[in-house]
Amino acid sequence: MKNKTLGVAIVGGLSLLTIGLGFTLEANHSASKQLVSQSDSILVQNNEATEMNTFITDLMTKMTIEEKIGQMNLLTSDLDVTGPTIRAGYKDDILKGRVGALFNAFTPEYTNRLQRMAVEETRLGIPLLFGYDVIHGHKTIFPISLGESASWDLDAIRKGARIAAKEAAADGIHWTFAPMVDIARDPRWGRISESAGEDVYLAKEIAKARVKGFQGDDLKATDTILACAKHYAAYGQAQGGRDYHSTDMSQRELFETYLPPFKATIDAGVTTFMTSFNDLNGVPATGNKYLLDDILRKEWGFDGFVVTDYTSINEMVPHGFAEDNKHAAGIALNAGVDMDMQGSVYHDHLTDLLNEGKVTVAQINRATRRILEMKYKLGLFEDPYRYSNEERAQSDILNQEHLDAARDVARKSMVLLKNNDKTLPLSADVKSIALIGPLANSKADMVGSWAGAGHADRDTRPVSLLTGIKERAGEQVKIHYAKGASYAFQDADDVSGFDEAIRAAEKSEVIILAMGEEWSMTGEAASRTKLDMPGNQIALMKALRKLNKPIILVLLSGRPLTIDWEQEYLDSILMAWYPGTMGGLAIADILFGDYNPSGKLPVTFPRTVGQVPIYYNMKNTGRPYDPRQPNSKYVSRYLNTDNSPLYPFGFGLSYTTFDYSEITLSKTRILENDKLTASINLTNSGNYDGEEVVQLYVRDRVGSVTRPVKELKGFQKVMLKQGETKTVEFEISTDDLAFYRQDMSYGVEAGFFDVYIGTSSQQNRQAEFAISEETQSPH
Ligand code: BGC
């Protein structure tokens, strides 16, 4: 079997030439027009680049070394707190020209006030760059990132980021610390909620959509902001799911799984990168020259700037990688870190390190230039106040269009996990509903973690589920609400609210439970060893079940929970994540059948925490378990739990049903560098119009290294009216099948492949094809 790397990059580089040479006269004409306009725009870009370079070179000749180091210093304001330290004198630092960027500051009034200090009261008047964690919305909050990813709707995700950027920009922000593109396969890790889930292909597509949404087409526009790919790299594999813990992985795992979403952000034009807290194979990511210089700069050609995570340079001391902060500062700059977030170690030590010859002026100049370039690209040197804008803040933030979009994305993000006997949607004749649970009348739990400026205790207005249901149900339907239970860990044995909940349920035809985790149980520094419903919620569920009434669980959490009891005994389960500002209304849309659920899980739900890590594209092993022979001994299995997950990746039900035809392949044998088409006919065979996420998976049966049992290679979200049939087509090229081979070269190997198309990673049709070298058969 010959291994051959596909020349993807080279093909891209030559495409311009091929257009001009290969076309007919007419095509040539338009092609040459295209060439002219392309070269025109290259010229404009070159001119702009030259102007920028001249401007920055000129500015830098006026800057002292301290002022340059000042540009490399990012401090938090005290308006919001997102980490363990704040620096009391940050305003004084601004006035002394020691700060290049500030985060956790927003509103036009506040950012303008701080900006004036930098522009009017420092020697050179270099404007500040304002950063913030605009993660899933600024004030109009969209579903948490994991939830948004469950929509598998890239346009909706891009739009969410676009709106977030627009609101943030009007509020004075130039730069978001998003998207977070860490692959996350361990639900114990609270930050799984910020991720796009477990799959590399889906995460790459979502990463690109988010970068494009935040940055738009033109950074100079006043409604676009810089994006930041974080946390570079491998943070998602924290040992034991404990936040900030070490990661240790093979180079293959790093390249195959953890790095591709970062590379995808570069392909989408991301302008900044953030290092991660973890150490990777013994080297902290913030001092990791291999990651920051060899891969990011040299291999990927990234030309934006790199910021650390919150005090992560300083943390190289407790990591045991640096003797003290000064040592750590030198390591970070030498590794390729341009900006120090909140650690003040560049500010405190770079001058001394320079005098001692441990860092160079060239390194400081390079970092300063990269940061100034971003300020220039945003237009801040033309007008430092152009983002903060009271009028735009008034008209854009939380406007109806944004609220409608948030509601739409929220309902697209929800995943129907169970629906026995068509319990959902609720009957149009329902006259009484019991709404029970600690998340039913909560605003904070609608927006979830990292809701930044949109958090419930700010001037925003998340719609609780109670409000949403009341609004939709109207006067005719009685809503009997009782909190009933608590999600607090320490309340596990408390039954004080149960009677009230049972009374509410007794008076009602149907019971809706709003249960799950409190919002602060997921996100940063929120790891758990158990993944069950916290507090006394399950005890209340068991008590309510005795009433023999239909029970619908609206599950609110930022991670997969182990809900095997709920799956067995409740009638319907809707995974609603933390759905955002319009969450209560969006959930009501689904419960009452105004929207037919279309979300699919971007992450596997385990049956029990002991199965973790569990994800769909694992390896087969040499002794795979065969469910048809459940009692085999010497196979890869658990004695007490099935190998299968509770809900697999890609799973999600609809109020309608979809029938998949067999797969048709345009060819069953292709050569390297060739393509084939796989298609199915999809029919909506149920009683509702609805959307289906059609998923394409491939398995490479034999490789020079073992290959996953299945890998997602494409998906399409398709709308079908009742009774309608559509043909869904996927093109599979040999590029899609490339991987890191035994010698770590990247490319495809000839052989047989299974192709699967279906409704989840576990339910699909199967066909097979082969890649062969020129004249030989695959084996
Ligand atoms: C988090 C980052 C975040 C930063 C700034 C850190 O603790 O890890 O994701 O962007 O704080 O708030």
Side-chain angles (χ1 to χ4, degrees), residues 73-87 90 99-106 129-138 144-146 161 164 168 173-184 189-196 207 210-211 214 225-238 241-247 261-262 265 270-280 284-286 305-316 318-319 337-344 448-455 520 522-527 558:
N73 191 21
L74 165 66
L75 293 181
T76 177
S77 98
D78 48 2
L79 195 70
D80 194 3
V81 180
T82 56
T85 63
I86 65 164
R87 189 174 159 99
Y90 73 91
V99 184
L102 211 76
F103 69 118
N104 290 336
F106 53 91
L129 182 73
F130 288 104
Y132 194 43
D133 291 282
V134 181
I135 306 295
H136 50 112
H138 179 57
I144 54 162
S145 307
L146 188 62
I173 292 158
H174 311 130
W175 175 30
T176 176
F177 304 140
M180 187 273 219
V181 301
D182 300 312
I183 291 292
W189 189 51
R191 303 201 82 169
I192 196 171
S193 61
E194 297 172 51
S195 78
R210 291 203 167 118
V211 169
F214 288 128
I225 57 179
L226 306 177
C228 181
K230 73 184 189 185
H231 308 84
Y232 187 66
Y235 184 38
Q237 215 213 42
R242 175 150 62 82
D243 207 3
Y244 315 125
H245 210 337
S246 307
T247 53
F262 286 98
T265 65
V270 77
T271 41
T272 73
F273 254 63
M274 185 188 291
T275 64
S276 55
F277 288 123
N278 57 290
D279 68 303
L280 171 63
T286 303
F305 74 78
V306 174
V307 65
T308 69
D309 204 345
Y310 211 107
T311 58
S312 66
I313 303 183
N314 318 49
E315 289 170 23
M316 287 197 277
H319 266 300
V337 168
D338 301 308
M339 189 184 270
D340 169 9
M341 184 194 285
Q342 187 56 20
S344 291
S449 72
W450 286 117
H455 212 276
S520 63
T522 46
E524 188 174 348
S527 297

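Values below: all heavy atoms of this structure, side chains included; hydrogens, waters and symmetry mates excluded. Small disclaimer: the values here were computed from a predicted structure and weren't measured. Note that ligands are numbered from 1 as they come in the structure, with each ligand's atoms numbered from 1 the same way.
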Self-check item: Check: Asp309 N/O within less than 3.5 Å of ligand 1 N/O
Solution: yes
Self-check item: Identity and separation of the nearest protein heavy atom to atom 5 (C) of ligand 1
Solution: Asp133 OD2, 3.2 Å
Practice problem: Would you check if there is a donor-acceptor pair between the side chains of Ser527 and Asp243 at a distance under 3.5 Å? | Solution: no
Quiz item: What atoms in ligand 1 come closer than 4.0 Å to a heavy atom of Phe277?
Solution: 6 (C), 7 (O), 8 (O)
Quiz item: Within less than 4.0 angstrom of ligand 1, does Tyr132 place any heavy atom?
Solution: no
Quiz item: When rounded to the nearest 0.5 angstrom, what distance separates CG in Asp309 from CD in Gln342?
Solution: 11.5 Å
Quiz item: Can you list the atoms of ligand 1 that are under 4.0 Å from a heavy atom of Phe103?
Solution: 5 (C), 12 (O)
Exercise. Take Asp340 and Thr308 through the side-chain contact (heavy atoms from CB on, under 4.5 Å) test and state the conclusion after the steps.
Key: CA-CA 6 Å; Asp340 169 9; Thr308 69; 4.3 Å; yes
Quiz item: Atoms of ligand 1 less than 4.0 Å from Tyr310 heavy atoms?
Solution: 6 (C), 7 (O), 11 (O)
Exercise. Would you check whether Gln342 reaches within less than 4.0 Å of ligand 1, judged by its heavy atoms?
Key: no
Practice problem: Could you verify whether a donor N or O on one side chain and an acceptor N or O on the other, from Tyr244 and Glu524, lie under 3.5 Å apart? | Solution: yes
Exercise. Report the C-alpha distance between Asp182 and Phe262 in whole Å, list the side-chain angles of each, state the deciding distance to 0.1 Å, and finish with yes or no for side-chain contact (heavy atoms from CB on, under 4.5 Å).
Key: CA-CA 8 Å; Asp182 300 312; Phe262 286 98; 3.6 Å; yes
Quiz item: If you measure from CE on Met316 to OG1 on Thr286, what distance do you get to the nearest 0.5 Å?
Solution: 6.0 Å
Quiz item: Could you give the distance from NZ (Lys230) to OG (Ser276), rounded to the nearest 0.5 Å?
Solution: 11.5 Å
Quiz prompt | Within-cut-off N or O pair, Lys230 and ligand 1, under 3.5 Å | solution = yes
Exercise. Pick one of side chain, backbone, both or neither for how Glu194 approaches ligand 1, counting any non-hydrogen atom pair under 4.0 Å.
Key: neither
Practice problem: Just let me know how Arg191 lines up against ligand 1, side chain, backbone, both or neither, with a heavy-atom cut-off below 4.0 Å. | Solution: side chain
Self-check item: Tyr235/Trp189 aromatic ring centres below 6.0 Å
Solution: yes
Quiz item: At a non-hydrogen distance cut-off of under 4.0 Å, which region of Glu524 contacts ligand 1 (side chain, backbone, both, or neither)?
Solution: side chain
Quiz item: Does the N or O separation between Tyr235 and ligand 1 drop below 3.5 Å for any pair?
Solution: no
